[in-house]
Amino acid sequence: MRLILLGAPGAGKGTQAVNLSKELHIPHISTGDIFRANIREGTELGLKAKTYIDAGKLVPDTLTMSIVEDRLQKDDCRNGFLFDGFPRTIPQAESLEDVLAGMNMELDAVISLDVPNEVIVRRMAGRRVCKNCGRNYHIVTIPPKQEGICDKCGGPLIIRDDDREETVLERLKTYTKKTEPLIGFYEKRNLLLHFDGTKDILETTREIMDCIKGQCAKGV
Ligand code: AP5
Ligand code: MG
């Protein structure tokens with residue numbers, strides 16, 4: 001299946017993407033994770049992306065499209081993919097359509113995770129991420145077994161640089177202005193599926209799985 005997870009910062013895209021990619025056996029592609037890995041490794045792409053990310057702005061479309069096009073060429077995308085945090089602008093969504101058409105592919109569904117802003121701000125304040133593998137935790141709702149240590153790889157848990165309150169508010173503004181219009185874009189194409197992202201994590205995963213395996217996704 002070829003899927004997109006759409007939602008505000010902190011809506012739970014990364015959390016759901018981990019579960020869905022396991023269940024569907026498709027790669028989880030997060031442009032944010034790719035940028036953060038490049039920042040950690042100190043690459044040229046990472047250096048360019050960091051100034052935008054730390055300010056709560058979007059990385060320019062051309063830079064983002066180049067990493068997505070490269071990633072789609074990898075063998076593991078032949079049977080599908082799950083984008084998390086991409087596309088984030090109308091030009092990115094249009095470019096994605098062109099790239100997929102060139103590969104004789106089209107999207108099956110766009111999953112929108114709906115979460116009100118006040119819940120988002122609470123979630124971001126408690127989020128911790130593994131410095132090594134990037135896995136997400138929340139100090140109250142999804143704590144690690146041992147405080148400050150990743151359950152999966154034993155790495156240290158840290159606060160993401162862009163989770164400071166003023167940056168979160170800027171990211172939410174950027175989302176409303178640049179990314180929210182994608183809801184209409186994909187509604188017009190009859191691809192959009194809405195889910196309540198405030199429910200329990202596994203319950204949301206189950207609802208999404210039931211829906212995309214059933215009748216509500218195009219071409220399934
Ligand atoms: P990105 O990494 O994509 O960040 P984001 O969209 O801001 O979203 P987050 O990762 O913060 O949240 P999420 O929805 O994944 O939620 P999570 O599962 O972690 O992008 C970062 C930056 O990179 C952007 O600001 C931009 O600068 C740049 N960028 C990336 N892609 C780009 C693109 N395409 N174009 C241009 N620039 C781009 O959950 C959040 C917290 O809530 C966690 O603590 C989690 O444990 C908890 N939680 C999740 N679900 C639940 C639940 N159901 N109940 C209770 N707690 C929950
Ligand atoms: Mg994420």
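For the numbers below, each heavy atom of this structure counts, side chains included, while hydrogens, waters and symmetry mates do not. All ligand and atom numbering here is 1-based and tracks the order in the structure.
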> Is the NZ or CZ atom of R171 positioned over Y175's six-membered ring, under 6.0 angstrom from the centre and within 45° of the axis?
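Because its charged atom misses either the 6.0 Å distance or the 45° angle limit, R171 does not stack over Y175.
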
> In the hydrophobic clustering that connects Ile, Leu, Val, Met, Phe, Trp and Tyr at side-chain heavy-atom distances below 4.5 Å, which members other than V129 occupy its cluster, ordered by chain and number?
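Besides V129, the hydrophobic cluster comprises I158, listed by chain and residue number.
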
> What does the 4.0 Å heavy-atom contact list look like for ligand 1?
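Residues A8, P9, G10, A11, G12, K13, G14, T15, T31, G32, F35, R36, I53, K57, L58, V59, T64, G85, F86, R88, Q92, R123, M124, R127, N136, Y137, H138, T141, I142, R160, D162, R171, G197, K199, I201 each place a heavy atom under 4.0 Å from ligand 1, listed by chain and number.
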
> How far apart are the C-alpha atoms of I208 and L20, what are their side-chain angles, what is the distance that settles it, and do they pass the side chain to side chain contact (heavy atoms under 4.5 Å, CB included) test?
CA-CA 8 Å; I208 297 172; L20 295 170; 3.9 Å; yes

> For the residue pair P87 and Y186, establish whether any side-chain heavy-atom pair is separated by less than 4.5 Å.
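Yes - at least one pair of side-chain heavy atoms lies under 4.5 Å apart.
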
> Report the residues that fulfil salt bridge (charged side-chain N to carboxylate O under 4.0 Å, His left out) with R164, sequence neighbours left out, ordered by chain and then residue number.
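Applying salt bridge (charged side-chain N to carboxylate O under 4.0 Å, His left out) to R164 gives E166.
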
> Apart from L58 itself, which Ile, Leu, Val, Met, Phe, Trp or Tyr residues share its cluster (side-chain heavy atoms under 4.5 Å, direct or through members)?
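Members besides L58: none; it forms no cluster.
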
